Q: 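Below you will find the structure I want to go over with you.
A quick note: this is a predicted structure, and the numbers were derived from the prediction, not measured. Every heavy atom of this structure was used, including side-chain atoms; hydrogens, water molecules and symmetry mates were not.
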Amino acid sequence: MDTLSAIARILRFFMGIPGGSKQEGVRLLEHAMAQGVLTSNLARFYLALNLHRYDQQYEKALTVLGLLVEKYPANPLFQLARGDLYAKLGRKQQALACYRAASVSPVQDAECQTRVQELVRASIASLGTE
């Protein structure tokens, strides 16, 4: 709830949604990563996203995401996320390698494959290396 805008917090009150704290949310994600049977990978991904988006803790997010990339190297979403973190840290060659890995990852759904390729092209272009 700490990451929501003021208007969203006001609406939360009127909708009866319980509040929370960022620290508690991070603690729960870390617990799910360590102890979760079904949720550990999802918790890891969301913690990495939150560290990236809300806290700009790119190095820590990279560490959290690293296990997913190692475990699922053919997942283009994880490769794209890792590439974005490397780009934020100014590591263009590592970012480029991740984007290229995402571009060759097998995706069964044609629409998803097209979207992955669009994201790869835009990400590589944003690096200004090619």
Side-chain angles (χ1 to χ4, degrees):
M1 290 307 295
D2 281 352
T3 60
L4 295 178
S5 67
I7 191 72
R9 282 186 241 148
I10 292 169
L11 289 174
R12 174 199 60 82
F13 174 77
F14 288 112
M15 294 172 59
I17 299 171
S21 74
K22 183 174 161 182
Q23 293 78 17
E24 179 66 6
V26 169
R27 188 191 69 73
L28 289 172
L29 285 172
E30 289 171 342
H31 176 75
M33 283 172 28
Q35 304 296 320
V37 176
L38 299 175
T39 61
S40 63
N41 291 330
L42 188 59
R44 182 172 294 282
F45 183 69
Y46 278 108
L47 180 58
L49 284 180
N50 288 336
L51 289 168
H52 176 193
R53 288 182 186 159
Y54 302 115
D55 296 335
Q56 291 77 44
Q57 292 185 23
Y58 306 128
E59 198 68 54
K60 187 172 180 182
L62 194 56
T63 301
V64 171
L65 187 64
L67 185 67
L68 290 176
V69 177
E70 290 172 19
K71 193 172 180 180
Y72 305 102
N75 185 314
L77 183 60
F78 298 158
Q79 291 289 356
L80 286 166
R82 188 182 207 185
D84 287 347
L85 288 165
Y86 279 133
K88 295 272 193 208
L89 291 166
R91 301 177 192 165
K92 290 184 178 185
Q93 292 307 313
Q94 290 170 300
L96 188 59
C98 291
Y99 296 146
R100 287 183 176 151
S103 74
V104 298
S105 296
V107 178
Q108 300 299 316
D109 183 79
E111 188 176 340
C112 286
Q113 179 66 27
T114 299
R115 184 66 180 136
V116 166
Q117 295 306 320
E118 289 171 357
L119 289 169
V120 166
R121 281 190 296 277
S123 297
I124 290 173
S126 73
L127 292 176
T129 58
E130 294 187 286

Q: Roughly how far, to the nearest 0.5 Å, is the SG atom of C112 from the CG atom of L77?
A: 10.0 Å

Q: Test side chain to side chain contact (heavy atoms under 4.5 Å, CB included) on N50 and D55 and set out the steps.
A: CA-CA 7 Å; N50 288 336; D55 296 335; 5.9 Å; no

Q: Evaluate the side chain to side chain contact (heavy atoms under 4.5 Å, CB included) criterion for residues Y58 and H52: first the C-alpha distance (whole Å), next the side-chain angles of each, then the deciding distance (0.1 Å), finally the verdict.
A: CA-CA 5 Å; Y58 306 128; H52 176 193; 3.2 Å; yes

Q: Is R115 salt-bridged to E118, cutoff N-O under 4.0 Å?
A: yes

Q: Does one hydrophobic cluster hold both L51 and L28, with members joined at side-chain heavy-atom distances below 4.5 Å?
A: no

Q: Could you tell me whether Q56 atom CD has more than 12 heavy atoms of other residues or ligands within 6.0 Å of it?
A: yes

Q: Look at the side-chain heavy atoms of Ile, Leu, Val, Met, Phe, Trp and Tyr, link any pair under 4.5 Å apart, and say whether L89 and L49 land in one connected group.
A: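 Yes: a chain of side-chain contacts under 4.5 Å links L89 to L49.
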
Q: Rounded to the nearest 0.5 Å, how far apart are CZ of R100 and OG of S123?
A: 13.0 Å

Q: Identify whether L62 and V69 are in the same connected component of the hydrophobic contact network (ILVMFWY, side-chain heavy atoms under 4.5 Å).
A: yes

Q: Quick check on the hydrophobic clustering: are L127 and V116 connected, directly or via other members, by side-chain heavy-atom contacts under 4.5 Å?
A: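 Yes: a chain of side-chain contacts under 4.5 Å links L127 to V116.
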
Q: Are the side chain of R44 and the backbone of V64 linked by a donor-acceptor contact shorter than 3.5 Å?
A: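 Checked: pair present.
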
Q: Is a side-chain donor or acceptor of Q117 paired with a backbone partner of S103 at a separation under 3.5 angstrom?
A: yes

Q: Parallel under 30°, tilted from 30 to 60°, perpendicular over 60°: which one fits the rings of F45 and F78?
A: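 Aromatic pair F45/F78 classed tilted.
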
Q: Does the Q79 side chain pair with the main chain of P73, one donor and one acceptor, at a distance under 3.5 Å?
A: yes

Q: Any salt bridge linking E59 with R91? Criterion: basic side-chain nitrogen under 4.0 Å from a carboxylate oxygen.
A: yes

Q: Report whether Y46 and Y54 are members of the same hydrophobic cluster (ILVMFWY, side-chain heavy atoms less than 4.5 Å apart, transitive linking).
A: no

Q: Could you walk me through whether L85 and L65 pass the side chain to side chain contact (heavy atoms under 4.5 Å, CB included) check?
A: CA-CA 10 Å; L85 288 165; L65 187 64; 3.9 Å; yes

